[in-house]
A.B. asks: 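Have a look at this one.
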Amino acid sequence: MDYNFGEIEKRWQQFWIDHQTYKVTEDTTKPKFYVLDMFPYPSGAGLHVGHPLGYIASDIFSRFKRLQGFNVLHPMGYDAYGLPAEQYAIQTGQHPAITTKNNIARYREQLDKIGFSYDWSREVQTCDPDYYKWTQWAFIKMFHSYYCNQAQQARPIEELIEVFSAQGTKGMDLACTEPMNFTAEEWNAKTEKEKQEILMNYRIAYLGDTMVNWCPALGTVLANDEVSEGVSIRGGYPVEQKKMRQWCLRVSAYAPRLLEGLDSVDWTESLKETQRNWIGRSEGAVMHFDLVSPETSPFPPPAEGGEETSPPTPLHKRGESQPENNKGFFKPTTNKEQWKLLINIAKEYRSNQTESEDILWQALRAGKIGYKIRRQHIVDGYIADFINLEKSVIIEVDGGIHLTKEQKEKDDFRTSVLEQCGFSVLRFTNQEVLTDVQLVANKIKNFLDLLSSAREKTSQSAPLSRGEGQGERSGFDIFTTRADTIFGVTFMVLAPESELVEQLTTDEQREAVQVYLDKTKKKTERERIADKSVTGIFSGSYATHPFTGEPLPIWISDYVLAGYGTGAIMGVPAHDSRDYAFAKHFNLPIVPLIEGCDVSEESFDAKEGIMINSGFLNGMTVKEAIPAAIDEVEKRGLGFRKVNYRLRDAIFSRQRYWGEPFPIYYKDGMPYTISENDLPLELPEVDKFLPTETGEPPLGRAKNWSYLPSAPSTRGRESSDETLGNNLREVKDFGDDSSQSSPSLVGRVGEGYPLELSTMPGFAGSSAYYLRYMDPHNDEALVSRQADEYWRNVDLYIGGTEHATGHLIYSRFWNKFLFDLGVSCEEEPFKKLVNQGMIQGRSNFVYRIKDTNTFVSLNLKDQYDVTPIHVDVNIVHNDVLDIEAFRNWNPEYKNAEFILEYPTPALPVREGGNPNSTSSKMSSPLVEGIEGRYICGWAVEKMSKSMYNVVNPDDIVENYGADTLRLYEMFLGPLEQSKPWDTNGIDGVHRFLKKLWNLFYAGDELTVSDEKPSKEELRSLHKLIKKVTWDIENFSFNTSVSAFMICVNELTSLKSNKKAVLSDLLVLLAPFAPHIAEELWHVIGNQTTVCDAKWPEHNEEYLKEDSFAYAISFNGKARFVMEFPADATTQEIEKAALEHPTSQKWMEGKTPKKIIIVPKKIVNVVI
RNA sequence: GCUCGGAUGGUGGAAUGGUAGACACGCAAGACUUAAAAUCUUGUGACCAUUACGGUUGUGCGGGUUCAAGUCCCGCUCCGAGUACCA
């Protein structure tokens, strides 16, 4: 009987369906194993031969584990929401649901032909309401959660409301959009709407005004991982930056856990590294820089007249004359000379304090009274003794000379000036301070407290950087990882989008700054990346160097990003290449800080060397100086240590139709979640899949897209026990905090408040699908406790690297959130992850002679002026063109002529010539009886329709069978490696299967015998068992296919037909080629399916060889081979080897210096 | 620029520091055929020699460690992937 793969495969596929061979249930008597493929987006093009690569690998692994006695979960489904179906809908009007359904059917048909062991009863589709109900459910939970940085956990937002009403933000460390500080009283005084607005700052799913990637062509925003090099990944349309109010997920809160979790998973280093870079942890410091200019203080506007021409000279209390016009000079000062003077005086004072000043400073410094106090601070030409900038309070201590009447008048005048500037002035005498400094400190504190409560009531609380009382109204914070370079700061730079730009731009510069801002805004992201030229504009303001007091010009430039750190940096041109380029361009000073470094041509960025020009850091190494500098910064209250993450929150809304609707409605402009009982909120029908005339997303076209919550009852708790099945884990209560919900009553869609018009992005549905497979039909929970605790997490996940920074981050985030909720029992969803390589296309070319319809074969083409043309790889076999098929392929080539080439014995046809090859002397005389051939050129390119290099798995299955396809995909090379698909080699594996078949059949006769296998047969088999077992566990499928070939070749030459051997061989082969294995398994008399056979174990006894062939080498070069019995001693081997006549030849009569004998390896004679 | 991979025959690729090129494809020669296909046998890194033998060389380049290096170490070159003003 011949190997009729078509008939066999069809028959067994039907048998598996009929017998539910691949259906799996939670069986606690067996260990579980969860093997998952990244589910596909069903595109209209169908599967090409590259898609099943990972599926075949995972199928082999699943079947292998099952044979080893595991209960294997191996499901499949579809990531069914997505842009292409919607784009198609816009063009054709066909509903995306229909497109998607058709594509899924096509995918399924293709997948079914390959013989996978999926449990299709567990299939999920992300666009199915029964599925996306749980996507919406998770979103509701995120909306009602906040993230506690201390607990490193998501928690119910109700808890936060309680905390706020009891103690305000005091003592809380919360993940948030903007830092806030308020007291319980302040919280309790707020209206419901204000409270909701504040809570939005903390929710894990929140509405935020963020810079988004806006893609005008697609009419939607995109996530960072959906954009590459300034264009959208889907479609390649330009993307611009725009500020919009969008739903976001607070992924950044999980950054530390996402980073740490990587240490516990078995992924490739490179993938973990990609995620580490994406999360981007960097340790550094936030540092505060005060402004030299008082422009940003809440000062009254400048008085009219005069002051322009007379820059203020410093006033100070030690008896110097005051300027005549000292009322209301509040205008920003850009006069460097003046500032230098002031700063020098301030410095001098600081190092030369009076006793009382010193005592008071000790009592006030470093936030001891809960407020940040500075000393010798310059205020509009005066030097204040102590100042709190946040509350605009100045504290003065009278020196000894203030006792005179004249001095008192001066002091009073000075006080009134300062008060006009918006400051409160507290004055203490030396005596008071010296007698009871604590009393004085308390008085100051009380005064500041009073001011706080008074001010907060009338104005919005000012954002603070961290903790209480450290915030500043004057100046700004920067983030740096190189605190050691603080003495090399020569300028400051703000991101153009920074809010500080508006505040810090002086009137003189306003126009120029505006021009610059407009210019940068117009640039698309792409242009900004492409354009490497240095641009920037001076803001007009100066910051004060926190150590030296030097004024530092504040610039604005787009090389600083608003989204990272604080959106402002300190410029250290000597040690940062970007700052260096900026400084060179604008002629700013460059101060080297490391001994011996040369900064005349480029900056010295390395973190090594000895510090110079750096005050207290001098002499330290950079590694010592970084912490030392931060210590000093903290000691002086100028800043604090901070770990920054690059990972940003995920923008979660899309202005598109084909996605999950948000379970959100709006009341008084504030979002509320719909009741969980009303899920799923189904995607409504629309007349067109385009934005509305008013620019709203397509859902704006839906009729009655509104929601009326059920009547309020007692404060509702969404996840109350009655909604939980009794087999469910008690999900931690992350209930609805709005008063609209009720567990017993059901809300109504179609009336009431407007629903959200955006839909969720592609990664929403794929973030928890692996959990749903565990319990896909449960309508009471995403996954039951039992199912989750049995299957736990994915043991093996196979998919492409392209999801490294998208799906694999979001999914881990989503799972960690569900873990915090108590829904998922494992913190990491994917224990082991293997990335299959890309299958590239291998294109073929024909060479058309210019302006003719004549084509010349590859090796003759250099004699002509030719144009290479892609030709369909399916009409080329082993690079030889099927000329008839080519003429029929395209009407244009119907009458094509060909110049063929003829192989010559002397010079065999070279193929694989890359199109640039110069070998051209291939023309050979026409030889009688030898056919000429048209040889095509080839190149490795992306597999795509336009290159005519797409190979369809259906065709392969048709011509060779699914088992051959499976084996050949594996045989192509290592799974993780990218490689081109070349159908040329497929005959080899097909031949192998035929040889295998012939071990069982001679003609139509079944020749299997029950005889005892020979030693050689057993050795061959057990070698294979050992090899294949190891190879599968190590994902080295290509070498196991080789091992099968070797074994079958050996058994063929041994003319083996022993059932004992062949039976085990079939079990080993079953994961790779399940159809033929199943067929022959039954042929030799088994009743049960081969899937439930037992994986054989190898027996070392059978592997023992009687003898070993030693390579005898001299000075490391192997010269000949000698066979020795396996138990030969080294002495015997040495003696025999040296006596061998060939050895004598190689030793040339010399005596060997040393003889190395490695048992079962080699003999090496050193001469 | 940074990070991570990789580089072995005409091709895909093997090789716990121990005979480089397993296993295949392709090609060549032969067998079987009226013929072709299929199948089978043999050969096949390069170079030199070929009258039996045999020899030289060889894993991107240059060094090093070792009795022994495709494999380990140092320095380069080239290719691929990811990322990109992340302070």
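Chain identifiers are assigned alphabetically (A, B, ...) following the order of the sequence lines, protein sequences preceding nucleic acid strands; residue numbering begins at 1 within each chain.
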A.B. asks: Kindly give the heavy-atom pair with the smallest separation between A:Phe1124 and A:Ala1137, and that separation in Å.
C.D. replies: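 Scanning both residues, the minimum pair turns out to be CZ-N, 4.4 Å.
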A.B. asks: Start at the 5' end of RNA chain B and walk down; is the nucleotide closest to A:Lys979 or to A:Ala568 reached first?
C.D. replies: A:Lys979
A.B. asks: For A:Met970, what residues pass the side chain to side chain contact (heavy atoms under 4.5 Å, CB included) criterion, not counting sequence neighbours?
C.D. replies: A:Leu53, A:Ile56, A:Ala57, A:Ile60, A:Phe1037, A:Val1041
A.B. asks: Which value, in whole Å, describes the distance between the C1' atoms of nucleotides B:rC23 and B:rA36?
C.D. replies: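 These two C1' atoms come out 29 Å apart once rounded.
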A.B. asks: Return the polar atom pairs (N/O with N/O) between nucleotides 65-74 of chain B and the protein under 3.5 Å, or none.
C.D. replies:
from, atom 1, to, atom 2, distance (Å)
B:rC67, O2', A:Asn1164, ND2, 3.1
B:rC67, O2, A:Asn1164, ND2, 2.7

A.B. asks: Without hydrogens or angle criteria, can the side chains of A:Asn4 and A:Asp2 be said to hold a donor-acceptor pair below 3.5 Å?
C.D. replies: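 No pair is found: no donor N or O on one side chain lies under 3.5 Å from an acceptor on the other.
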A.B. asks: Would you measure the distance from the C1' atom in B:rG13 across to the matching atom in B:rA24 and give it in whole Å?
C.D. replies: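 Pairwise C1' distance, B:rG13 against B:rA24, rounds to 9 Å.
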A.B. asks: Which value, in whole Å, describes the distance between the P atoms of nucleotides B:rG1 and B:rU71?
C.D. replies: 26 Å
A.B. asks: For A:Ile1046 and B:rA24, what is the distance between atoms CD1 and P respectively, to the nearest whole Å?
C.D. replies: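 Rounded to the whole Å, the gap is 7 Å.
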A.B. asks: Mind checking what makes side chain to side chain donor-acceptor pair (under 3.5 Å) contact with A:Glu1105, not counting sequence neighbours?
C.D. replies: none
A.B. asks: Round to the nearest Å and state the distance from A:Glu941 atom CD to B:rC79 atom C1'.
C.D. replies: 17 Å
A.B. asks: If I pick the C1' atom on B:rG9 and the same atom on B:rC47, what distance separates them, to the nearest angstrom?
C.D. replies: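 Rounded to whole Å, the distance is 14 Å.
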A.B. asks: Identify the stems formed by RNA chain B, where each pair is Watson-Crick or G-U wobble with both distances under 3.5 angstrom and a stem is at least 3 consecutive pairs.
C.D. replies: B:1-7 with B:77-83, B:10-12 with B:23-25, B:26-31 with B:39-44, B:45-48 with B:54-57, B:60-64 with B:72-76
A.B. asks: Looking only at atom types and distance, does a side-chain atom of A:His288 sit under 3.5 Å from a main-chain N or O of A:Gly639, one as donor and one as acceptor?
C.D. replies: no
A.B. asks: Measuring from the side chain of A:Trp1146 (C-beta onward, heavy atoms only), which nucleotide among B:rU83, B:rG26, B:rG55 has the closest atom?
C.D. replies: B:rG55
A.B. asks: Where do N or O atoms of nucleotides 4-8 of chain B meet protein N or O atoms at under 3.5 Å, pair by pair?
C.D. replies:
none

A.B. asks: State which residues pass side chain to side chain donor-acceptor pair (under 3.5 Å) with A:Ser252; sequence neighbours excluded, sorted by chain then number.
C.D. replies: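 If we apply the side chain to side chain donor-acceptor pair (under 3.5 Å) test to A:Ser252, skipping adjacent residues, the hits are A:Asp649.
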